[in-house]
There are 2 protein chains.
Amino acid sequence: MVKLTDIAAKLDMSLTTISRALNNYSTVSLKTRDLVKKTAKEMGYVPNRMARNLAMKKSHLISLVYDDYNETISYQSFTFEVISGIRRYFGNTPYDLIMVPENKRGKNRESLKNISLSRGVDGLFIVGIRTDDSYIDEIKEDFMPVVCIDYPLNGKRISYVESDNIKGCRLAIDYLVSLGHKDIAFINGHNLAAVSPVRFEGYKTALEENGIPFNRELTINSDYTEDGGYRAAKSLLEEKREFSALFVASDLMAVGAIMAIKETNLRVPEDIAVIGFDDLFFAEHSHLGLTTVRQHKFEMGYQGAKLLHRIIEQPDYIPRKRKIDVELIIRGSA
Amino acid sequence: MVKLTDIAAKLDMSLTTISRALNNYSTVSLKTRDLVKKTAKEMGYVPNRMARNLAMKKSHLISLVYDDYNETISYQSFTFEVISGIRRYFGNTPYDLIMVPENKRGKNRESLKNISLSRGVDGLFIVGIRTDDSYIDEIKEDFMPVVCIDYPLNGKRISYVESDNIKGCRLAIDYLVSLGHKDIAFINGHNLAAVSPVRFEGYKTALEENGIPFNRELTINSDYTEDGGYRAAKSLLEEKREFSALFVASDLMAVGAIMAIKETNLRVPEDIAVIGFDDLFFAEHSHLGLTTVRQHKFEMGYQGAKLLHRIIEQPDYIPRKRKIDVELIIRGSA
DNA sequence: AAATGTAATGCAAGCGCTTTGAAAATATTG
DNA sequence: CAATATTTTCAAAGCGCTTGCATTACATTT
């Protein structure tokens, strides 16, 4: 591995000059800079980032935190797309991403703060954190720049990105109402996801805006899994709640719900119209095509990355959350 | 940030002793070790990995290389699961994963070698590399430990993991034959994926083993996309090839193919039986349920990680490829 | 008690880079 | 041409840690 001193020796210059030349300091004459760069290239010089990091106390590393153990396909494909957006953004910066695999879910895992400080990362990007996660208290300490997806956390160097969930609910409900539905049931996810209460509010508000009284009996909480959606719909149907439309807080649950509806010998959308949330790939392919509220996941990642980048590089920047637009994708289920 | 010298000062010991104590050197008395550890904890000491890396010339970093720009859902969900496997394995080791986002696909991107040497990573894990990728020549230089998924590369410190594609094809063909099919068409992916020729061979061999002559007219190459599968099936059907079963080299293409078949007013599986490859999530949900060859993606990642770990830590270890078992998942399409 | 062996600790160099403050070389001015 | 300003270069310290070698402290043997 050729290093700066090797180049210095060969060119009979000082180490300092070599370093400065390669870093394009204007205090090094252009001629020298060119010569140094050329020689460095010829000698196959590759800068040692570990040394550089140590000297500069800056790693150009973003720690990407997400949870593998949530194995639903929703979460996976959502996460993957968000990460793609993050990668795309940072692809045009000197930052790389680092992932610290957790060895155990829950207790005994190392503190996020320690891991991060130890690697000297410059910022944290957190996808899919749950309300009961112990990391949250650590993050609140504001020990370094953080951006979360779908979790409202604020601080001097902390912010987040979320879909416009309220709008998403309104789009869905408005559309159902425009189709003539009045009795609209709602299957929500569990409250470990910060978006759940928001979507609940969105559902409720949208109903009221349409002059439809909210009926608690038409709502039920589930767990964002397919089976959960199935069971929720099943119980809604068995208890003979009167409803002609069903709004489901995730596509995966919607798929389960549709299965339950069909098992009850009802037709979708004729007897019960169904709208999901997410627009995952299979929404398009599942059965008859799922009408759903599309989240722009890639964009969430991209904008989040941009935000984080800014927080890191502009110490006096006051971060504000980003809200990403959603749209209603009309297919066969409603 | 408290550092070793701070602890040394407080305890009035030498820096060396502190370092050794924390690293559990037996040359430090147990009593001292305990004292040092306790004090370190009290003082909130967090080791600085940048400094440590520099001193030890070892980063405990694995570079994870994959390509975002391949946006098919197949690739995405395959990749995500492989990565989960990798993360799970390394979760029980001191290694972290680093991802270097590419800013541009293809030319102008930095050399893999430079990036890797620069960050001082200890090994490379490569998912989804294509046969025309410029990285391949670099990898062959054997400049550091590498494990690929689905790409046959060998070297002193290079190996790979693949599904048992031959077996997968045999399972599919045998099953179709057992159902009475004799004319079995095959839609393959493009040859930029190293697995394609293998699956082609597998298909051909399996036919022969069943005493069915190979008929080139019943095979067609496509591109692993849904639309590609659609077009391939369409052209097969339009040219009036005689076949009662269709084996498709990926689930995504199979979904497209089924769409084409239905458009031609043929039924699946009554008129044409279809078997896919991968067993992605939507195989279970698409239409009638796709019969398919399941790849154990998580396991591929896990075993690959284990292999890479070994190559890194045992310099004289001679790496051998890992072949991961596959299984036939029978659903409604065949 | 001297000689020897062993366990515990410390000194100092080094990992490869950045950066401050000073010096040397060159250019500008009256 | 001396005096001043400007450009270019360099020596050395430091980033926080590991580690080979030397040293000291203590235990064992004769």
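Labels below follow one simple rule: chain letters A, B, ... track the order of the sequence lines, proteins then strands, and each chain is numbered from 1. Note that the coordinates shown come from a computational prediction; the quantities given were computed from them, not determined experimentally.
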With a 4.0 Å cutoff (strictly under), does any side-chain N or O of B:Thr17 reach OP1 or OP2 of C:dG10?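 Yes, within the criterion.
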More than 12 heavy atoms of other groups within 6.0 Å of A:Lys306 NZ: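 At most 12 heavy atoms, drawn from other residues, nucleotides or ligands, come within 6.0 Å of this atom.
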For atom CG of A:Leu30, is the number of surrounding heavy atoms from other residues, nucleotides or ligands below 6.0 Å larger than 12?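 Enclosed: over 12 neighbouring heavy atoms sit under 6.0 Å from CG of A:Leu30.
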Should A:Leu112 and A:Ile139 count as side-chain neighbours, where that means a heavy-atom distance under 4.5 Å?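 Side chain of A:Leu112 against side chain of A:Ile139, heavy atoms only: contact under 4.5 Å found.
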Whole angstrom is fine here: how far is it from [atom1] in [X] over to [atom2] in [N]?
X: A:Asp6; N: C:dC17; atom1: CG; atom2: C1'; result: 13 Å
X: A:Lys31; N: D:dT7; atom1: NZ; atom2: P; result: 17 Å
X: A:Leu35; N: D:dT9; atom1: CG; atom2: P; result: 10 Å
X: B:Ile18; N: C:dC11; atom1: CD1; atom2: P; result: 12 Å

Taking only distance into account, with no hydrogens and no angle test, what donor-acceptor pairs under 3.5 Å do side-chain atoms of residues 50-58 of chain A form with protein atoms, sequence neighbours excluded?
residue	atom	partner	partner atom	Å
A:Arg52	NH2	A:Asn23	OD1	2.9
A:Asn53	ND2	A:Arg49	O	3.1
A:Lys58	NZ	A:Tyr95	OH	2.6

Show me the protein contacts with nucleotides 15-19 of chain D, counting only N or O atoms at under 3.5 Å.
residue	atom	partner	partner atom	Å
D:dC15	O2	A:Ala55	N	3.4
D:dG16	OP1	A:Lys57	NZ	2.9
D:dG16	OP2	B:Lys3	NZ	2.9
D:dG16	N2	B:Ala51	O	3.4
D:dC17	OP1	B:Tyr45	OH	2.6
D:dC17	OP1	B:Asn48	N	3.3
D:dC17	OP2	B:Leu4	N	2.7
D:dT18	OP1	B:Asn23	ND2	3.2
D:dT18	OP1	B:Arg52	NE	3.3
D:dT18	OP1	B:Arg52	NH2	3.0
D:dT18	OP2	B:Ser19	OG	2.5
D:dT19	OP2	B:Tyr25	OH	2.8
D:dT19	O4	B:Thr16	OG1	3.3

Give A:Thr27 one of three labels, base, sugar-phosphate or nothing, depending on what nucleic acid heavy atoms sit under 4.0 Å from its own.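 A:Thr27: base contact, heavy atoms under 4.0 Å.
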Would you name the heavy atoms of B:Asp122 and B:His60 that are closest together and state the gap between them?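 What the structure gives for the nearest pair is OD2-N, 2.6 Å.
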Atom of A:Leu153, atom of A:Lys140 and distance for their closest heavy-atom approach: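 Heavy atoms only, the tightest pair is CD1-CE, 3.9 Å.
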